[in-house]
Participant: 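Got a structure here, written out as structure tokens. Questions coming.
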Amino acid sequence: MEMRGIRANVETYLWLLDGCFNSGSLLCAQKLHGKILKSGFDLENVLCDRIIDIYIGCGDLDGAVKVFDEMCDRSVSSWNKIINGFVVNKLSGRVLGLFWQMTAENVIPDEMTFAGVLRACGGGNVVFQYVHQIHARITYHGFGASTRVCNPLIDLYSKNGFIESAKKIFDRLCLKDSVSWVAIMSGLSQNGREVECIFLFRQMHTSGTAPTPYIFSSVLSACTKRELFEVGKQLHGLVFKVGFSSETYVCNALVTLYSRSGNFISAEQIFSTMRNRDEVSYNSLISGLAQRGSSGRALELFQKMQLDCLKPDCVTVASLLSACASVGALYMGRQLHSYAIKGGMSSDIILEGSLLDLYVKCSDIDTAHEFFLTTETENVVLWNVMLVAYGQLNNLSDSFEIFRQMQIEGMIPNQFTYPSILRTCTALGALDLGKQIHSQVIKTGFQLNVYVCSVLIDMYAKHGKLDTALGILRRLTEEDVVSWTAMIAGYVQHDMFAEALKLFEEMQNREIQSDNIGFSSAISASAGIQALNRGQQIHAQSCVCGYSDDLSVSNALASLYARCGRIEEAYLAFKKIDDKDNISWNALISGFAQSGYCEEALQVFTQMRKAAVEFDLFTFTSAVSAAANIANTKQGTQIHAMIIKTGYDSEIEVSNVLVTLYAKCGIIDDAKREFHAMAEKNEVSWNAMITGYSQHGFGIEALDFFQEMKKLGVMPNHVTFVGVLSACSHAGMVNEGLGYFDSMRKEHGLVPKPEHYVCVVDLLGRAGFLSRARKFIEDMPIKPDALVWRTLLSACIVHKNMEIGEFAAHHLLELEPQDSATYVLLSNIYAVAGKWDSRDRTRQRMKNMGVKKEPGRSWIEIKNSVHAFFVGDRLHPLADKIYEYLGDLNKQAANIGYVQDRYALLNDVEQGHKDPTVYIHSEKLAITFGLLSLSNSIPIRVIKNLRVCNDCHNWIKYVSKISNRAIVVRDAYRFHHFEGGTCSCRDYW
DNA sequence: GAAGCCTGCT
């Protein structure tokens, strides 16, 4: 044709190009392209489009782009061709740029454009923020209900953790095809919402949409993940009914289901009768077996697979590796690693991930790092796994270095990266770094991802920024149980139990199903305010949800009973736990210690040692704290020795409680030694010293420590001020105390809590400013609690002020009408003033209210047996000896100034009783018996169920001096440590 | 192939 001089026209070239396209010859196309350029037809878009098709088809993307760049007035279909060219060639990073350029040139994108762009976004290496922007364009151009565009969008959102957004898109679809259903169902399943996935399947089924094998495999895998094996079995029936029981995908999912439930008979049966077994079939059964520890059979199948003409592929090895990682089978994992190297698959991107994960999960970080260095850099998963590894080692600087380096190498952090690094920041208290990463999270559009949010909430909540944490939770658009639980737990960690329970309730009102950890946190919150009933109700709920055998929930229940002082129930709950861990034991020890049953706590500690359960940080802190509370120096120092042996003395929490132990026992030199030996101190350490000094009446020293603490820049907290204010009380420094109280708010931004008001009332009351104390209470911005009134009442008794005492007692009785001690105190005030009518009226009122005065009892332990005494008790076998020695003691005490305070309880009739020994209080008897029975080196320890009375208190001071013995009395309200004629309470209780 | 929430110390 050319030789005859006939010029080819556009049609001719089009035909020629078609031929070229069919033959797939790049060379031919290039020649033709040259001719077209020469002929000047290169301005014809229809030819250019065809040339682009051919170049892309032949893999010459650069050639295609060159043609594309030269074109003018490019149509949307030309843009689509080039976009898809990049997508197919996995150069998705450049697609977004093309898309923005296209919109800048006012070319209107169509469905095909968006489908391509979304595919590009799914390929990783795209900042997720852009997906939101593209979504906005999709809506703007009217494709918000198009399955072709929305199916990949659903997939993209759910893969990045935005399941709520995915659901919204799904709901707006006019026509849902089977791909839409699979996308949303597998999305739900991937985001931990397996139950909804199953629910949606039912909805789909009833709506008449026929399920496909893909849909079955998706819903079955949801059942497997949730361990809803019964539902899975029912679905198996349906599979049979609709005739999919030979479909490979369905059978694979069934094999996984049965093998995870441990039903290997069914699993193997399905497997062996399958028509077409593929690699996945083998992989499912192999990984099921390996996860259950049947590695022998797993390896057997691994061999057999090859006889079935299926080569174990990367996924086979990867699934075996993941099973190894989850059961910690490092040795088998290493063997698989060599297999992978021999089989030439060790550089597979997925396998690299599983290998690294194996080493990290098995805590072999050195090998992990070594392996990491041998891999190529562009696999973001490997970077993420390394972040987890350094997090495990509590190594913030290396973690951050990885985080920084990965970005230098062009990796974009994703929704896995942020939780890992942020968790490390949380654990190591690097709040500033955490905040910086938080701003990066916002910049890159992950601020609504539930995994990221849950860690952010946890980070802020754990470090006391509860408002910030709550803000994040409130802005979260997804319903996420973990984020809610993190917030609830944060409240619990900061003693804000009411807030925790309120939030838990709100979560349930929103029908967010709590998980085991949510339930256990809510039970802990109930325990924090001794709300036994509430805690029991929550426990019942958790049982309904299937958590009756869950360890966290069971531990929380034991802790609830223990912290509510229900010894028997706590032991019962503890015994019911099948696989007790240290937390179960610790729950009893710390719970008993917190509810004041410190002897029981120490007994549990001893049992724990006999049971050869390993102690941890929590065990030691709780046990020492129990010993400290009852000033049990002997057992306290024994535990200290064990702490040194096990190396826990380097832990700051342990040192803090040791300082407390010695301070509370009054061995202030040892407390100081522990304190100064600490490599690192926090505010708790300082508080322990300040409180210790203060409790032992060393007000000035306590305040010196407080000044020193401030000078060193350690931030005082609420507890510091309890110590400081009571130090001022002891030292009689009223004005200084009031000044410190003001400074809480003004200088330290601390809002005074009820206990601080109590301290100020104590400060004023002890100094005798009773009217000022009353005025102070009346002006309080919060409602005075019982302790405030009880403090005022005690001050009135010491200062013998009947009027204000009466006032205080009435308020106290309004709050606690069943507290017999208050009636007794009030009647004592009247007795002191000789107002016998008022006293009798009080006693009558007490009777009318149905309040019974508990009979006073005291206990003392002598050589592993407990001796109990009532008032005027003569039932003890050694009663005669005890009364004889008591008489001696009374004489000696009188010689050095003891005068019996006969007004403490008795009216004139009672005082005239023939035998005054009838009224001898039980603590006197117990102490006398202790002095008779115990060697000089052992302090006398007596427990009393009521408050110790004024007379006994005075008597014990004298006796401690005469006998030169330490006497420790724990009464209903506090603990008194008598030595050398004085008491640690400084006559004020 | 990778990620989050749960017991303790003043």
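Lettering follows sequence order; numbering is per chain, from 1.
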Participant: Quick check: any donor-acceptor pair below 3.5 Å linking the side-chain of A:Ser354 to the base of B:dG1?
Facilitator: no

Participant: Base of B:dG8, side chain of A:Asp616 - is there a donor-acceptor contact under 3.5 Å?
Facilitator: no

Participant: Quick one: A:Arg563 CZ to B:dT7 C1', roughly how many Å, whole number?
Facilitator: 9 Å

Participant: B:dC6 C1' sits how many Å from A:Ile577 CD1, rounded?
Facilitator: 14 Å

Participant: Starting at OH of A:Tyr693 and ending at P of B:dT10, how long is that distance when rounded to a whole Å?
Facilitator: 18 Å

Participant: Check every atom of B:dC5, B:dG4, B:dA3 against the side chain of A:Asp480 and return the nucleotide holding the closest atom.
Facilitator: B:dG4

Participant: Any side-chain N or O of A:Gln594 below 4.0 angstrom from OP1/OP2 of B:dG8?
Facilitator: yes

Participant: With heavy atoms under 4.0 Å as the rule, sort A:Val492 into base, sugar-phosphate or nothing.
Facilitator: nothing

Participant: Go through B:dT7, B:dG1, B:dG4 for me and flag the one nearest to the A:Ile350 side chain.
Facilitator: B:dG1

Participant: Kindly point out which of B:dA2, B:dC6, B:dC5 is positioned nearest to the side chain of A:Asn384?
Facilitator: B:dA2

Participant: Mind checking if A:Ala489 touches a base, just sugar-phosphate, or nothing, with heavy atoms under 4.0 Å?
Facilitator: sugar-phosphate

Participant: So if I take every side-chain heavy atom of A:Val385 and compare against B:dG8, B:dC6, B:dA2, which nucleotide ends up nearest?
Facilitator: B:dA2

Participant: Can you tell me how far P of B:dC6 sits from CE of A:Met507, to the nearest Å?
Facilitator: 13 Å

Participant: Is the distance from OP1 or OP2 of B:dC6 to the nearest side-chain N or O of A:Lys462 less than 4.0 Å?
Facilitator: yes

Participant: Looking at the side chain of A:Thr621, which of B:dC5, B:dG8, B:dT10 is the nearest nucleotide?
Facilitator: B:dG8

Participant: Closer than 4.0 Å, any side-chain N/O of A:Arg423 to the OP1 or OP2 of B:dC5?
Facilitator: yes

Participant: Taking the six-membered ring for Trp, does A:Phe416 stack with B:dA2 (centroid gap under 5.5 Å, planes within less than 30°)?
Facilitator: yes

Participant: Figure out the CG/P separation between A:Leu387 and B:dG4, and round it to whole Å.
Facilitator: 12 Å

Participant: Of the nucleotides B:dA2, B:dG4, B:dG8, which one has an atom closest to the side chain of A:Val455?
Facilitator: B:dG4

Participant: Using the side-chain heavy atoms of A:Asn717, tell me which of these nucleotides is nearest: B:dA2, B:dT7, B:dT10.
Facilitator: B:dT10

Participant: Tell me if a side-chain donor or acceptor on A:Glu194 pairs with a main-chain N or O of A:Lys225 at a distance below 3.5 Å.
Facilitator: no

Participant: Respond yes when some side-chain nitrogen or oxygen of A:Ser483 is under 4.0 Å from OP1 or OP2 of B:dG4, and no when none is.
Facilitator: no

Participant: At less than 4.0 Å, is any side-chain N or O atom of A:Gln493 found next to OP1 or OP2 of B:dG8? Yes or no.
Facilitator: no

Participant: Expressed as a whole number of angstroms, how long is the span from A:Phe519:CZ to B:dC6:P?
Facilitator: 17 Å

Participant: Counting the atoms with a prime plus P, OP1 and OP2 as sugar-phosphate, which does A:Asn555 contact under 4.0 Å by heavy atoms, base, sugar-phosphate, or nothing?
Facilitator: nothing

Participant: If you look at every strand shown and take non-hydrogen atoms under 4.0 Å, does A:Gln415 touch a base, only sugar-phosphate, or nothing?
Facilitator: base

Participant: Would A:Ser189 and A:Ser221 satisfy side chain to side chain contact (heavy atoms under 4.5 Å, CB included), going step by step from the backbone distance to the final call?
Facilitator: CA-CA 8 Å; A:Ser189 184; A:Ser221 94; 4.2 Å; yes

Participant: Looking for any heavy atom pair under 4.0 Å, which part of the strands does A:Ile349 touch: base, sugar-phosphate only, or nothing?
Facilitator: base

Participant: With the side chain of A:Ser622 defined as its heavy atoms from C-beta on, choose the nearest nucleotide among B:dC6, B:dG8, B:dT10.
Facilitator: B:dG8

Participant: Are A:Ile583 and A:Phe618 close enough that some pair of their side-chain heavy atoms sits under 4.5 Å apart?
Facilitator: no

Participant: With rounding to the nearest 0.5 angstrom, report the CD to CH2 distance, A:Glu409 to A:Trp383.
Facilitator: 4.5 Å

Participant: A:Asp515 near the nucleic acid: base, sugar-phosphate alone, or nothing, with a heavy-atom cut-off under 4.0 Å?
Facilitator: base

Participant: If you only use heavy atoms from C-beta on, which nucleotide in B:dG1, B:dA2, B:dC5 is closest to the side chain of A:Asn379?
Facilitator: B:dG1

Participant: Could you tell me the separation between the OH atom of A:Tyr547 and the C1' atom of B:dC5, rounded to a whole number of Å?
Facilitator: 12 Å

Participant: With respect to the side chain of A:Ser625, which nucleotide from B:dC5, B:dA2, B:dC9 is positioned closest?
Facilitator: B:dC9

Participant: To the nearest angstrom, how far is A:Trp484 atom CH2 from B:dC6 atom C1'?
Facilitator: 18 Å

Participant: Tell me which one of A:Leu456, A:Ile457, A:Val452 satisfies side chain to side chain contact (heavy atoms under 4.5 Å, CB included) with A:Ser483.
Facilitator: A:Ile457

Participant: Between A:Tyr740 and A:Phe706, is the ring centroid distance below 6.0 Å?
Facilitator: yes

Participant: Base, sugar-phosphate, or nothing for A:Ser559, non-hydrogen atoms under 4.0 angstrom?
Facilitator: nothing

Participant: Is it the case that more than 12 heavy atoms not belonging to A:Glu376 sit under 6.0 Å from its CD atom?
Facilitator: no

